Undergrad: 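Dropping a structure here in structure tokens format, bear with me for questions.
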Amino acid sequence: MKSTRNYPVYKVNKHAEGLLVGGHPWVYENDILESPEAEPENGTLADVVSPKGAYLGTGFISLKSKIRVRLISRNANDTFDAAFWRRRAEYAWSYRKTVLEPDDLSACRVIFGEADQFPGLTVDRFGSILVTQTLSVGMEKLKPVLFPILAEVLRADGQTIDGIYERNDEALRAKEGLEQNKGWFELPGEAHPASTQTEICENGVFYHVDFENGQKTGFFLDQKYNRRAVARIAAGHTVLDCFTHTGSFALNAAKGGAARVTAADISAEAIAMAKRNAERNGLDNMDFLCEDTFELLPRLEKEGHPYDFIILDPPAFTKARRTVENAMRGYKEINYRAMKLLPRGGYLATASCSHFATEELFIKMLHAAAKDAHRQLRQIEVRQQAPDHPILWGVPETNYLKFFLFQVI
């Protein structure tokens, strides 16, 4: 039997109803037919109903965003108290324990936003530290309840959690009317660590993580198993890792037995971090280049080079639909150049982390680049993000990472 509903109600049009019934959790401002007479408090809960008044779900209101409501439940009998959020946190952690290998749980994504039914919230674990990013006003208001629960749930499973660090220095917060900030979340009655740096181990490779100043939450965990795939075939090869960032693919290739690995990045800070990680792992079969990949690849083609394995893992070339066409030109340029550089029988690992550069567009681009480079690609593996970044069907925004591993013939 349905519980009594005391929440303000938004009635949506047929378009929104179709999206919600299909599994998408967002209600856009333009799809609302009727709003509550009295404006609700920003970040509180509201019910969403169909044009005929049928209950579709309950979610957080965001008065300043084009995404007006983000659903957290489709069950009219749910009570949204601390016990509800504890069950959600336990469910998310239980899922990670199921899909990841035990050694990978110390460095993983614990909460992946909408895919875990925590809209706008990311929580990454780096050893004993949880690093969070909050991009919705509803989750922002929930932090005093939710964050202590997250620590409690992991500790109850025997995990050591020494602190929670917030990385809210993200421009998207402005769309929710939220200010940017970063710093330790004060867990009740607890002191936090003095340092904002730590170390993790992934695939047997150690990394220094600066979760205060590193990109996003401090380290990209989503390519965990793709790096392992590269390491598996790197033995004996000369490897060029473009857009190396902290050196993750390069380090895996070097540890996998590559004859030589060059880690390249336009950022001197990234190269310094990659060098530090190489030293930490005792890898002496590496060298480093601080150079723009778009200039490096044509130069290597002109001057000659020793590489028979090239890795392309660039940052997102587009974060909006309006710039997709330009982004695909950029992806084609670097992939075309890499294919031209590689000898027949060489290997290419290529990725895109942009949701808007869809798999269909990315494959089309690879076909065009191979045709122009007069190369054929023998597919070895096609992968997506690691399973701690789950893809929720009906929510295409959760499916963003493409990774292809080829032999060029």
Side-chain angles (χ1 to χ4, degrees), residues 16 18-28 31 48 56-60 62 65-74 85 88-89 91-100 104 107-125 130-139 142 146 150 167 170 172-173 175-176 215-217 219-226 313-321 324 327 351-363 382-404:
L19 289 174
L20 295 175
V21 170
H24 207 286
W26 295 347
V27 174
Y28 288 92
D31 286 335
V48 178
L56 296 172
T58 303
F60 288 119
S62 182
S65 172
K66 291 181 180 179
I67 305 171
R68 186 51 43 90
V69 183
R70 291 172 168 82
L71 294 193
I72 59 169
S73 172
R74 300 164 192 272
W85 291 108
R88 279 279 167 89
Y91 185 79
W93 181 241
S94 176
Y95 166 79
R96 269 74 189 173
K97 290 175 65 179
T98 300
V99 300
L100 294 179
D104 292 328
C108 70
R109 178 150 293 182
V110 178
I111 301 291
F112 184 39
E114 278 73 0
D116 288 300
Q117 297 179 296
F118 290 86
L121 178 67
T122 295
V123 181
D124 285 341
R125 182 186 182 189
L130 299 180
V131 182
T132 70
Q133 190 168 84
T134 310
L135 301 180
S136 73
V137 65
M139 280 291 146
L142 189 66
L146 179 59
L150 286 172
R167 278 297 302 270
E170 169 59 63
L172 284 174
R173 281 173 61 89
K175 295 185 177 182
E176 295 284 308
Q215 290 191 17
K216 298 293 185 180
T217 60
F219 186 81
F220 295 112
L221 296 161
D222 51 2
Q223 296 266 31
K224 183 192 312 280
Y225 297 140
N226 300 341
D313 182 28
F317 285 171
T318 177
K319 295 184 179 182
R321 285 187 177 85
V324 166
S352 167
C353 61
S354 172
H355 156 66
F356 294 102
T358 63
E359 184 171 335
E360 181 181 3
L361 287 174
F362 200 69
I363 290 173
V382 179
R383 291 172 168 263
Q384 294 169 310
Q385 59 254 34
D388 54 341
H389 297 62
I391 296 168
L392 189 62
W393 280 32
V395 189
E397 291 81 2
T398 62
N399 182 6
Y400 66 93
L401 183 64
K402 282 73 61 179
F403 177 87
F404 292 81

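Being a predicted model, the structure only gives us computed values, none of them experimental. All values below come from the heavy atoms of this structure, side chains included, with hydrogens, waters and symmetry mates left out.
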Undergrad: Please check this pair: side chain of R96 against backbone of D388, looking for a donor-acceptor N/O pair closer than 3.5 Å.
TA: yes
Undergrad: Contact between R74 and L20 at the side-chain level, heavy atoms closer than 4.5 Å - yes or no?
TA: yes
Undergrad: Mind checking what makes ring-ring contact (aromatic ring centres under 6.0 Å, His included) contact with F317, not counting sequence neighbours?
TA: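 F317 satisfies ring-ring contact (aromatic ring centres under 6.0 Å, His included) with F294, Y331 only.
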Undergrad: What pair of heavy atoms forms the shortest contact from L150 to L130, and how long is it?
TA: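 Scanning both residues, the minimum pair turns out to be CB-CD1, 4.4 Å.
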Undergrad: Rounded to the nearest 0.5 Å, what separates atom CE in M139 from atom CZ in F60?
TA: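 Nearest 0.5 Å value for the CE-CZ distance: 4.5 Å.
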Undergrad: Got I363 and F404 here, is their nearest side-chain heavy-atom distance under 4.5 Å?
TA: yes
Undergrad: Any non-hydrogen side-chain atom of W85 less than 4.5 Å from a side-chain atom of I72?
TA: yes
Undergrad: Could you give the distance from CZ (R109) to CG (D124), rounded to the nearest 0.5 Å?
TA: 4.0 Å
Undergrad: Just by distance, do the side chain of R70 and the backbone of W26 share a donor-acceptor pair under 3.5 Å?
TA: no
Undergrad: Mind checking whether L401 and N226 have side chains closer than 4.5 Å, heavy atoms only?
TA: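 Result yes, sub-4.5 Å side-chain heavy-atom pair found.
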Undergrad: Only one of F220, Y95, F112 passes ring pair (Phe, Tyr, Trp, His ring centres under 6.0 Å) with H389; say which it is.
TA: F112
Undergrad: State, with a plain yes or no, whether a side-chain heavy atom of L71 is found less than 4.5 Å away from one of P119.
TA: no
Undergrad: Determine, step by step, whether K216 and L221 satisfy the side chain to side chain contact (heavy atoms under 4.5 Å, CB included) criterion, reporting the C-alpha distance in whole Å, the side-chain angles of both residues, the deciding distance to 0.1 Å, and the verdict.
TA: CA-CA 11 Å; K216 298 293 185 180; L221 296 161; over 6 Å; no
Undergrad: Distance check, rounded to the nearest 0.5 Å: L146 atom CG versus I111 atom CD1?
TA: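 Spacing of CG (L146) from CD1 (I111) equals 7.0 Å.
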Undergrad: As an exercise, state the distance from CD of Q215 to CZ of R167, rounded to the nearest 0.5 Å.
TA: 9.0 Å
Undergrad: Going by heavy atoms in the side chains, are Y225 and L100 under 4.5 Å from each other?
TA: yes
Undergrad: Got P25 and V395 here, is their nearest side-chain heavy-atom distance under 4.5 Å?
TA: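 Yes, at least one pair of side-chain atoms sits under 4.5 Å.
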Undergrad: Looking only at atom types and distance, does a side-chain atom of E176 sit under 3.5 Å from a main-chain N or O of S136, one as donor and one as acceptor?
TA: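 No; zero donor-acceptor contacts below 3.5 Å.
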Undergrad: Search all heavy atoms of K402 against all heavy atoms of S354 and return the closest pair with its distance.
TA: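 Here K402 and S354 meet closest at NZ-O, 2.5 Å.
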Undergrad: Could you report the tightest heavy-atom contact between T134 and R173, atom names first, then the distance?
TA: O-NH1, 2.8 Å
Undergrad: Is there a donor-acceptor pair closer than 3.5 Å between any side-chain N or O of Q385 and the backbone N or O of D222?
TA: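 Between the backbone of D222 and the side chain of Q385 there is no qualifying donor-acceptor contact (under 3.5 Å).
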Undergrad: Verify, without hydrogens or angle tests, whether K224 (side chain) and A107 (backbone) share a donor-acceptor contact under 3.5 angstrom.
TA: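 Yes; judged by distance alone, with no hydrogens or angles, the pair exists.
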Undergrad: Using modelled atom types only, decide if a donor and an acceptor are shared between the side chain of R321 and the backbone of F356 within a distance under 3.5 Å.
TA: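 No.
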Undergrad: Minimum heavy-atom separation for D116 to R88, with atom names?
TA: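 Heavy atoms of D116 and R88 come nearest at O-CD, 4.2 Å.
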Undergrad: Go through it in stages, so that I can follow the logic: the residues are F403 and V382, the test is side chain to side chain contact (heavy atoms under 4.5 Å, CB included), and I'd like the CA-CA distance, side-chain angles, deciding distance and then a yes or no.
TA: CA-CA 6 Å; F403 177 87; V382 179; over 6 Å; no
Undergrad: Within the 3.5 Å criterion, strictly below it, is a donor on H24 or E114 matched to an acceptor on the partner's side chain?
TA: no
Undergrad: Quick check: closest heavy atoms across C353 and P314, and the distance to 0.1 Å?
TA: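 Shortest heavy-atom separation between C353 and P314 comes out as SG-O, 3.8 Å.
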Undergrad: If you look at every heavy atom in L135 and E170, which pair is closest and at what distance?
TA: CD2-CG, 3.5 Å
